[in-house]
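Note sheet for the following structure.
Letters A, B, ... mirror the listed sequences (proteins, then strands); counts begin at 1.
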Amino acid sequence: MPLQQHWLMKSEPDVFGLDDLQRGGTTWWDGVRNYQARNFMRDNMQVGDAVLFYHSNAKPSGVAGLARISAAATPDASSWNPDSEYFDPKSSPQAPRWWHVQVAYVSHFKRLVPLAELRDIPELADMALLNRSRLSIQPVSPAHYDIICQLGQC
DNA sequence: GCCAACGTTGGC
DNA sequence: GCCAACGTTGGC
């Protein structure tokens, strides 16, 4: 297991953007209801891992800045709260189906790196972001992370 | 707002 | 276990 891993996490800025994370300092990444994304959080993320914070459904969509994992996965209590929009009747405190990690603000890029720009870089062609459009949490290789960081003048 | 991609559900 | 129907994501 490498000391520090790298991830990309998507959020809609109209709902919760990097500005919101900066304001609060940290947040629990709740509401993820995709098994692959859950598995990354629950099984692979470690405190200190670096996160590219991606704005989806935005104008333009792209990588807005950096965050880091500040607490390892715990059960997502919204999953058994009937009043939550994320409620899942198959999840319970005794058998949690969904998990979340805590994410801390690090920095805004000096410039947002738009998706269209990432698509134009041959070295990034096999990024999950560009090929698995529906996956909201995904691992990023150190090389890809460095390229994107430089594009954002981090 | 449209719609393609694709993950999930449920009948069989 | 297959696969059609359905719902959601997310770019444009």
Q: Would you confirm whether D20(A), through its side chain, and G17(A), through its main-chain N or O, come within 3.5 Å as a donor-acceptor pair?
A: yes

Q) Toward the 5' end of DNA chain B, which comes first, N57(A) or R134(A), by nearest nucleotide? A) N57(A)

Q: Classify the ring geometry between H108(A) and Y105(A) as parallel (under 30°), tilted (30 to 60°) or perpendicular (over 60°).
A: tilted

Q. For K90(A) and N131(A), take the nucleotide of DNA chain B holding the closest heavy atom to each; which residue's nucleotide lies nearer the 5' end?
A. N131(A)

Q. So do the side chains of I69(A) and V103(A) get within less than 4.5 Å of each other, counting heavy atoms only?
A. yes

Q: Please test H55(A) against S11(A) for side-chain hydrogen bond (donor to acceptor under 3.5 Å, both in side chains), starting from the C-alpha separation and ending with a verdict.
A: CA-CA 5 Å; H55(A) 282 169; S11(A) 189; over 6 Å; no

Q) For the residue pair Y35(A) and W98(A), does the interplanar ring angle fall in the parallel (under 30°), tilted (30 to 60°) or perpendicular (over 60°) class? A) tilted

**Q.** Heavy-atom contact window of chain A on DNA chain B, given 5' to 3' at under 4.0 Å
**A.** dA5(B) to dT8(B)

